[in-house]
Amino acid sequence: DGWISLSHMTSDISMFPFKEWLKCQQKAITNHKEELSEIIHPQGPLLLRNTISRIIALSRGVMCEPEQIVIGAGTQLLIKQLMEVQKNKPIIAMEDPGYSRFYTLLKNMDFDVRSLKLDGKGINMKEVESSKANFLFVTPSHQFPTGKIMPISRRIQLLNWSTQTSNRYIVEDDYDSEFKYETDNIPSLQSLDRNQRVIYTGTFSKTMLPGLRVSYMVLPPDMLRKYRQHHADLMQNSNSLALFTLYYFIESGEYAKHIRRMNHHYEMKRKELIKQLELRFEDNVKIEDVPAGLHFLAQFKTYKDYETIEERAKKEKLEIYSMRRFMLTNKYKEEGVIDLIIGFATIKREQIPDTVEKLHCIIN
Ligand SMILES: Cc1ncc(COP(=O)(O)O)c(/C=N/[C@@H](CCC(=O)O)COc2ccccc2)c1O
């Protein structure tokens, strides 16, 4: 259809080892007929929760028992189920720009949702303090969408904030932590938490097949008790066959191999795209070169506004999103520049020069 995608909402599944996946699915069917024939644990199979707790301990420093993990069909569903448990309408705060799907979900659940500005270190502490929030949603490992990695100093400030009064929680959305290029992993907020204030969420959407819809959250013990009481009757909402298959895919080492392969593949494309953009736009582009994730932020000098750019991109059959998608209430517009979110997962290496040229004529 002639469209080129610089969307951040895709992953490059051309390299996904479907043959291995099918072998693991065969194993899942052979070894787990019993479980497939019945309603299994609402939090997902214990053997997969064991595996997940081991992976996130190794890669993110998350300390938890498998019993604290809830597996669900997407992070939004898990957040919805978690927030249904909360009594007397807690106040919610989240990053702006931020993940608009959480903002919409929580607003639709009639919560009072405050959108807080960022500063150079991530979510702004003064705004956090004045927000009176009970639940604070943050993306410290790779702020969505700006890419900022929250420094340890700000993490400590947030953790101190969370212990100042009761009924304060931090929801750490670690959605994009697998893909780190030069920098090594900063451990999760949850790994620094000594007061059971951090609710940790992760997903297999970025590293596996987005269509699998397998995500998970780690609940502190007291929140887990409340969650289990409230959702005593709730059945598991993930697909058991996919979960058992994922278990074998991880245990066989295929998952680790796939992440290594994708890290290399994405890093190459990211480097090439940044190089071509800087060559073509020279000092009319400023790139937040955060070496992580499947997208980066690029600020282009132009006197065109967001609407014009978005229209021209559509006409040029280039799928790309601007910062407007993520502005919750603070609809700022810097004079003479626009911010675009450049996703590099699906673009082919050989398409990069033409795509950069296309972007140049859209913006100028
Ligand atoms: C901040 C944040 N947290 C969690 C998630 C993951 O959600 P889950 O898949 O339900 O577990 C996303 C996915 N955000 C999605 C949409 C972003 C947008 O709306 O602009 C993009 O998701 C994918 C990107 C690449 C490959 C696969 C998926 C999230 O942006």
Side-chain angles (χ1 to χ4, degrees), residues 5-16 44 52 56 60 69-83 92 94-108 113 115 118 122-123 136-150 170-179 188-189 199-218 237-239 242-243 246 258-259 262-263 265-266 269-270 290 292-297 310 319-328 339-347:
S5 170
L6 286 177
S7 163
H8 62 292
M9 290 191 259
T10 61
S11 61
D12 185 348
I13 68 164
S14 65
M15 295 168 66
F16 188 78
I52 291 175
I56 57 180
R60 309 296 297 118
I69 293 179
V70 182
I71 297 172
T75 309
Q76 288 163 301
L77 209 54
L78 287 166
I79 294 298
K80 182 171 174 296
Q81 286 170 198
L82 169 71
M83 297 314 287
I92 296 173
M94 58 183 289
E95 299 158 335
D96 185 0
Y99 187 31
S100 54
R101 293 181 200 260
F102 278 179
Y103 185 73
T104 314
L105 169 74
L106 294 162
K107 295 284 277 187
N108 291 345
V113 190
S115 49
L118 309 176
I123 199 158
L136 177 67
F137 285 69
V138 287
T139 49
S141 79
H142 186 229
Q143 202 277 332
F144 185 79
T146 64
K148 279 186 185 59
I149 298 178
M150 185 185 284
I170 299 174
V171 180
E172 172 179 21
D173 178 6
D174 205 24
Y175 83 104
D176 210 5
S177 60
E178 291 78 13
F179 296 115
S188 61
L189 201 58
I199 292 156
Y200 177 91
T201 70
T203 181
F204 288 94
S205 289
K206 315 284 249 193
T207 51
M208 296 282 294
L209 301 168
L212 264 188
R213 313 309 298 125
V214 181
S215 314
Y216 53 92
M217 66 181 168
V218 178
N237 57 47
S238 284
N239 166 322
L243 297 187
L246 177 59
H258 182 59
I259 292 214
M262 295 316 287
N263 245 313
H265 172 70
Y266 286 140
K269 278 201 285 188
R270 183 181 150 279
V290 179
L294 301 186
H295 71 265
F296 55 82
L297 207 54
E310 285 163 1
E319 186 184 2
I320 186 163
Y321 296 90
S322 77
M323 186 53 89
R324 273 193 337 148
R325 177 186 178 79
F326 310 96
M327 291 179 191
L328 305 182
D339 290 332
L340 297 182
I341 311 299
I342 312 272
F344 48 83
T346 27
I347 188 167

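Both counts, for ligands and for their atoms, begin at 1 and track the order of listing. Everything quoted here is computed from the prediction, not taken from an experiment.
The nearest protein atom to atom 3 (N) of ligand 1, hydrogens excluded, is given as D173 OD2, 2.6 Å; this is a heavy-atom distance. Looking only at protein heavy atoms, the nearest one to atom 22 (O) of ligand 1 is K206 NZ, 4.0 Å. When hydrogens are left out, the protein atom nearest atom 19 (O) of ligand 1 is R101 NE, 2.5 Å; that is the closest non-hydrogen contact. Looking only at heavy atoms of the protein, atom 29 (C) of ligand 1 is closest to Y99 CZ, 3.5 Å.
With a 4.0 Å cut-off on non-hydrogen atoms, F326 touches ligand 1 through its side chain and not its backbone. For T75, heavy-atom contacts with ligand 1 shorter than 4.0 Å involve the backbone as well as the side chain. Contacts with ligand 1 closer than 4.0 Å are made by heavy atoms of both the backbone and the side chain of S205.
Considering backbone and side-chain N/O atoms, T10 never comes within less than 3.5 Å of an N/O atom of ligand 1. Between R325 and ligand 1, a contact under 3.5 Å exists for at least one N or O pair. For T139, no nitrogen or oxygen atom sits less than 3.5 Å from a nitrogen or oxygen atom of ligand 1, counting backbone and side chain alike.
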Legend entry - From CA spacing to verdict: salt bridge (charged side-chain N to carboxylate O under 4.0 Å, His left out), R324, D339: CA-CA 8 Å; R324 273 193 337 148; D339 290 332; over 6 Å; no

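Which parts of ligand 1 touch S215 is read off a 4.0 Å heavy-atom cut-off, strictly below it: atoms 8 (P), 11 (O). Contact atoms of ligand 1 toward S11: 26 (C) (distance under 4.0 Å to a heavy atom of the residue).
Although no hydrogens or angles enter the test, the distance criterion places a donor-acceptor pair under 3.5 Å between the side chain of S7 and the main chain of M9. The backbone N or O of T146 lies less than 3.5 Å from a partner atom in the side chain of Q143, making a donor-acceptor pair. Although no hydrogens or angles enter the test, the distance criterion places a donor-acceptor pair under 3.5 Å between the side chain of D173 and the main chain of Y175. Between the side chain of S188 and the backbone N or O of R60, at least one donor-acceptor pair lies under 3.5 Å. Judged by distance alone, with hydrogens and angles left aside, the side-chain atoms of E172 form a donor-acceptor pair with the main-chain N or O of L189 at under 3.5 Å.
Among H295, M9, H8, the residue whose heavy atom sits closest to atom 20 (O) of ligand 1 is H8.
The aromatic rings of H295 and H8 sit perpendicular, their planes meeting at an angle over 60°, well past the 30° parallel limit.
Looking at V113, I170, V171, I123 one by one, the single match for side chain to side chain contact (heavy atoms under 4.5 Å, CB included) with F137 turns out to be V171.
Here the CG atom belonging to L78 is positioned 7.5 Å from the OG atom belonging to S238, to the nearest 0.5 angstrom.
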